[in-house]
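Here is the structure we will look at, set down as structure tokens.
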Amino acid sequence: MMEFEDSARLIMPEREYQRIESLVVEMYRDLDIRDVNFDVFNVARRIGCELIPFSHLQASKRNWLTEEGYDAVNYFDKRQSCYFVYYDDSKSYVRQRFSIMHEVGHIILGHKQESPLARIQANYFAGYALAPNPLIHTYGIDNFVDLSNTFNISEECAMRCIARYNNWVQYGKPDYLPYEINLLELFA
């Protein structure tokens, strides 16, 4: 069930947020991620992606992607049985990190095509992957500037993540869910 707020903003049910968070923790566990500044390029490769910067594309393709507003996009090649993730290497490193994790989110979540819901889910996946609530709490971070610096994310991403974290503290913490405990065990 999907809810709409102001008929323009799509809201996911709580269980969907938890499903995505659980998949992020599963990725952390499967790839043995134990550092908040993990290499997103390596993560993408380890899940079977070939990474291609926009600067390696023909000018017409690069210009089209840029004009359409893409920071990254993925494509599954059936012949090679491989995902290709094209990313805008002219963007800042923190933006590249988010964009690549967004595409990894699409892949892990099994999205077959772009939609408003798929975009929201992939954005949530990327934000949670780059700054999970239990780790924000463990690091004792309470503002977006420190979050941005510690987790190597953009200030825009940090603002959204600190808002998510504050909501989690108010309504979820200290009762950790099983997957949150699993995440904390990885960083123990």
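This is a predicted model, so every value here is computed, not measured.
Under the rule for a side-chain hydrogen bond (donor to acceptor under 3.5 Å, both in side chains), Asn167 has no partner lying at least two apart in sequence or in another chain. Under the side-chain hydrogen bond (donor to acceptor under 3.5 Å, both in side chains) criterion, Asp88 pairs with Ser90, sequence neighbours left out. Applying the side-chain hydrogen bond (donor to acceptor under 3.5 Å, both in side chains) test to Asp35 and every residue at least two apart in sequence or in another chain returns nothing. Remark: Arg19 engages Glu16 in a salt bridge (charged side-chain N to carboxylate O under 4.0 Å, His left out) (not counting sequence neighbours). For Asp71, the salt bridge (charged side-chain N to carboxylate O under 4.0 Å, His left out) partners two or more places apart in sequence, or in a different chain, are Lys91, Arg95. With sequence neighbours excluded, no residue satisfies salt bridge (charged side-chain N to carboxylate O under 4.0 Å, His left out) with Arg45. Applying the side-chain hydrogen bond (donor to acceptor under 3.5 Å, both in side chains) rule to Thr138 yields no partners; only residues at least two apart in sequence or on another chain are considered. Residues meeting the salt bridge (charged side-chain N to carboxylate O under 4.0 Å, His left out) test with Glu114, sequence neighbours left out: Arg119.
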List, one per line, each side-chain donor-acceptor pair under 3.5 Å for residues 73-84, sequence neighbours excluded.
{"from": "Asn74", "atom 1": "ND2", "to": "Glu103", "atom 2": "OE1", "distance (Å)": "2.8"}
{"from": "Asp77", "atom 1": "OD1", "to": "Arg79", "atom 2": "N", "distance (Å)": "2.9"}
{"from": "Asp77", "atom 1": "OD1", "to": "Gln80", "atom 2": "N", "distance (Å)": "3.1"}

Kindly list each side-chain donor-acceptor pair under 3.5 angstrom involving residues 46-56, sequence neighbours excluded, with atom names and distances?
{"from": "Arg46", "atom 1": "NH1", "to": "Leu31", "atom 2": "O", "distance (Å)": "2.8"}
{"from": "Arg46", "atom 1": "NH2", "to": "Leu31", "atom 2": "O", "distance (Å)": "3.3"}
{"from": "Ser55", "atom 1": "OG", "to": "Asp89", "atom 2": "OD2", "distance (Å)": "2.5"}

Please tabulate, for the side chains in residues 177-187, all donor-acceptor contacts under 3.5 angstrom to protein atoms that are two or more places apart in sequence or on a different chain.
{"from": "Tyr179", "atom 1": "OH", "to": "Glu21", "atom 2": "OE1", "distance (Å)": "2.4"}
{"from": "Glu180", "atom 1": "OE1", "to": "Leu177", "atom 2": "N", "distance (Å)": "2.7"}
{"from": "Glu180", "atom 1": "OE2", "to": "Trp168", "atom 2": "NE1", "distance (Å)": "2.8"}

Enumerate donor-acceptor pairs with a distance under 3.5 Å from any side-chain N or O in residues 144-151 to protein atoms, sequence neighbours excluded.
{"from": "Asp146", "atom 1": "OD2", "to": "Asn143", "atom 2": "ND2", "distance (Å)": "2.9"}
{"from": "Ser148", "atom 1": "OG", "to": "Ile153", "atom 2": "O", "distance (Å)": "2.6"}
{"from": "Asn149", "atom 1": "ND2", "to": "Val145", "atom 2": "O", "distance (Å)": "3.3"}
{"from": "Thr150", "atom 1": "OG1", "to": "Asp146", "atom 2": "O", "distance (Å)": "2.9"}

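Glu155 CD to Cys157 SG: the interatomic distance, rounded to the nearest 0.5 Å, is 11.0 Å. Taken from OG in Ser99 to CE in Met101, the straight-line distance is 11.5 Å, to the nearest 0.5 Å. With rounding to the nearest 0.5 angstrom, the SG atom of Cys161 is 11.5 Å from the CG atom of Leu135. Atom-to-atom distance recorded for Leu130:CG and His102:NE2 is 12.0 Å, nearest 0.5 angstrom. Taking CD from Glu67 and OG from Ser60, the interatomic distance works out to 10.5 Å, rounded to the nearest 0.5 Å.
Cluster annotation: Val25 is connected to Met12 through the hydrophobic network of ILVMFWY side chains, with a link wherever side-chain heavy atoms come within less than 4.5 Å. Phe125 and Val94 fall into different hydrophobic clusters, where Ile, Leu, Val, Met, Phe, Trp and Tyr side chains are chained together by heavy-atom contacts under 4.5 Å. Linking ILVMFWY side-chain heavy atoms closer than 4.5 Å, directly or via other members, places Tyr87 and Leu65 in two distinct hydrophobic clusters. Linking Ile, Leu, Val, Met, Phe, Trp and Tyr residues whenever their side-chain heavy atoms come within less than 4.5 Å places Leu57 and Trp64 in a single cluster. Hydrophobic clustering, with ILVMFWY side chains joined whenever heavy atoms are under 4.5 angstrom apart, groups Val24 together with Phe41.
Looking at Ile141, Ile136, Asp142 one by one, the single match for side chain to side chain contact (heavy atoms under 4.5 Å, CB included) with Tyr165 turns out to be Ile136.
Aromatic pair Tyr70/Tyr86: centroids not less than 6.0 angstrom apart.
Between Ile20 and Tyr128, the closest side-chain pair of non-hydrogen atoms is not below 4.5 Å.
Within 6.0 Å of the OH atom in Tyr93, the count of heavy atoms belonging to other residues, nucleotides or ligands exceeds 12. The number of heavy-atom neighbours closer than 6.0 Å to CD of Glu68, taken from other residues, nucleotides and ligands shown, is above 12. In this structure, Glu26 places its CD atom where more than 12 heavy-atom neighbours from other residues, nucleotides or ligands lie under 6.0 Å away.
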(Q) Please determine whether side chain to side chain contact (heavy atoms under 4.5 Å, CB included) holds for the pair Arg164 and Tyr124, giving the CA-CA distance in whole Å, both sets of side-chain angles, and the decisive distance to 0.1 Å. (A) CA-CA 10 Å; Arg164 182 197 67 226; Tyr124 190 79; 3.3 Å; yes
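Counting only distance, with no hydrogens or angles, the side chain of Arg97 and the backbone of Phe38 share a donor-acceptor pair below 3.5 Å.
In terms of heavy atoms, Tyr28 sits closest to Ala129 at OH-O, 2.6 Å.
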